[in-house]
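Remember, predicted model here, so these are calculated numbers, not experimental data. In each ligand, atom 1 is the first atom listed, and ligand 1 is the first ligand listed.
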Amino acid sequence: MPIRLYVAAISILAATLVVVLAQTSDGALLERLWLTALFAALLALQHPFEIRLARRGHGESTSNEEAIFAAMVFLTSPLAVVLAIAAGFAVGNVLVRRTPLKGIFNVAALVLAASAGLLVVEALGGARDADLAAALAVVVGAAVYEAVNRLTVAGALAVAGAAELRATLRDDLGGRTLIVVGNVAVGLLTGLAAAHDLWTLPIGLAAMVALQFALSGHMRARAERQKLADIVASSWDGIVTLDRQERVTSWNPASEALTGYEADGIIGLPFSEVFALMHAESEPVAHSALEQVSSFRIETADDGHRWIAASRAPLPEGGSVLVLHDETARREIDEIRTEQERERMRADFVASVSHELRTPLTSILGFADTLLAHGSARGDERHYVEIIRDEGERLRKLIDALLDLRQLSEGAATAKPDVVDIAELLEEQVERFGERTSGHELVLDLAGRPLVVRGEHGRLEQVVVNLLSNAIKYSPAGGTVTVRGERYDGSVEVAVIDRGLGIPAAQQEQIFVKFFRVDTPDRRTITGSGLGLALVREIVEAHGGAIGFESVEGRGSTFRFRLPAA
Ligand code: ADP
């Protein structure tokens, strides 16, 4: 039903009841006209000082019309009461600038409520006698007035789709009962006293006005409290209040979400205990501090962790409020940045040390070679010089690998890409290694050729050399090493397969980590730097490829890399 139709229906109903009232009650409409005008003016003037009701979602207000209703019934005719209410509300609605439709609805609804209430008072014998029976009749009439008023308002909200009928009727029942009881009591006293002695009327009116102000202040404070509670409940930050003894008195939904601990289990606990419960790393804020910010790490109820920034402020009535802000994301980014920075500094250090080592090493190797070629060293002496040369060579390889890795991680690998035939490269290296080893049989298995990729010839050679030398090095008992080159759809794959020592499953994950070497008794005598595979992976990835392996300890390993075909 459209709201206009509803307002029209209420208006017609109100008019009908007024007609019925006019016929059933006696007393002239304009009897004590000044009194009608006085009450109407009072009602109108109280509009700007309405009493707000605590309702979620939309505002609703009331004024002390029940008091005026109750007082007037004793002093004038029922029609004059209706007139005062109608006029008072009509002017009041203009004063607070309600829309015409709302204004008409307000006046019609209150005329309807007042007429219904007055008809009940009349049916119970009227109130002109101002005795106990009259007082009772007025109380019942006021109750009817209030009930009809609530029903029409709830009906309007339901028709407008703003709220459910029953919810509106139930909403803030306590607050409304307080207002009605206070108003009816003051109205009854004012009416009864003035019916006996009219001079008491100003005292009654003063009481009415004072009550209106007191109630509107009280309800405003309640509405503010409700608003604050809504803000706390919907905040993204955790808001926690502590009493003077540092015990938790409130724990909002965001605190629950941040920590995983529900309010029920936390409220009442000393905050130090809550802190311990979350395994937090530091007391957030010194007790003596008035206002401070600090960060700490907590463990959440579901065993995760979070970084929290907390600020603390004292509350005027004692105790304090803590605001907990989730800093986890920012912290994690900071940690990654710091780690990257540390890694960069480490790499810079290694690179500069390696550079510095190169020059003296070149001299050592040079003189060792000269001594071996032209020197007079014989026997043991010659042997020692050979050791110097071999170990120097090992050191040079290590330094070269370190500098290579550094260069690769800076993205300088594929600066000048050539067309490289992997099949040719494999042939060359298998032949070279075959000449050098006697205990191993090297098998080359090429399915189709050429196997061309784009990249740096020297770097790709390094990959093959490293994998082949590992396969031989880690097969100390000899055996077959198979090198297979194949072409797949859009890529070239190389596999180096040995039947050597294999890699223990527990250490496989770290195999590509710089300086990582498998530590088992059977390979203690095999020398190496732990840089080879790290370098291999950097090169393959810099060429847009991928590397992996399968290995069974004691059975052998297969290292495979794949590069995009040219
Ligand atoms: P290293 O200089 O020690 O050979 P790498 O980075 O080339 O360094 O290899 C890392 C570790 O992986 C080696 O210490 C070795 O134990 C293991 N490994 C590499 N290739 C093989 C393989 N083909 N068979 C068995 N173990 C291997």
List, one per line, each side-chain donor-acceptor pair under 3.5 Å for residues 381-394, sequence neighbours excluded.
residue: Arg382; atom: NH1; partner: Leu372; partner atom: O; Å: 3.1
residue: Glu393; atom: OE2; partner: Arg396; partner atom: NE; Å: 3.1
residue: Glu393; atom: OE2; partner: Arg396; partner atom: NH2; Å: 2.3

Numbered in order shown, the ligand 1 atoms found under 4.0 Å of a heavy atom of Arg523 are 15 (C), 16 (O), 25 (C), 26 (N)

Given Asp498, Leu535, Val513, which has its nearest heavy atom closest to atom 23 (N) of ligand 1?
Asp498

Can you confirm whether Phe367 is buried at CZ, in the sense that more than 12 heavy atoms of other residues, nucleotides or ligands lie under 6.0 Å from that atom?
no

I want to know if ligand 1 touches Val518 in the polar sense, i.e. an N/O pair below 3.5 angstrom.
yes

Any N or O of Thr527 closer than 3.5 Å to N or O of ligand 1:
no

Option with minimal heavy-atom separation from atom 27 (C) of ligand 1, where the choices are Tyr474, Phe512, Phe515
Tyr474

Atom 10 (C) of ligand 1: closest protein heavy atom, distance to 0.1 Å, is Phe516 O, 3.5 Å

side-chain hydrogen bond (donor to acceptor under 3.5 Å, both in side chains) filter on Arg244, not counting sequence neighbours, yields none

Could you tell me which atoms of ligand 1, counted from 1 in the order shown, lie closer than 4.0 angstrom to a heavy atom of Ile503?
25 (C), 26 (N), 27 (C)

Heavy-atom count around Glu356 CD within 6.0 Å, excluding the residue itself: above 12?
no

Taking atom 12 (O) of ligand 1 as the reference point, the nearest protein heavy atom with its distance
Ile511 CD1, 3.2 Å

Please report which non-hydrogen protein atom sits nearest to atom 3 (O) of ligand 1, along with the residue it belongs to and the distance in Å to one decimal place.
Arg517 NE, 2.5 Å

Using a strict 4.0 Å cut-off to heavy atoms of Ser557, name the atoms of ligand 1 that fall inside it.
22 (C), 24 (N), 25 (C)

Hey, does Leu533 come in under 3.5 Å of ligand 1, counting only N/O atoms on both sides?
yes

Please compare Ala471, Ser529, Ser469, Ala534 and report which has the shortest non-hydrogen distance to atom 2 (O) of ligand 1.
Ser529

Within a 6.0 Å radius of atom CZ on Arg449, are there more than 12 heavy atoms belonging to other residues, nucleotides or ligands?
yes

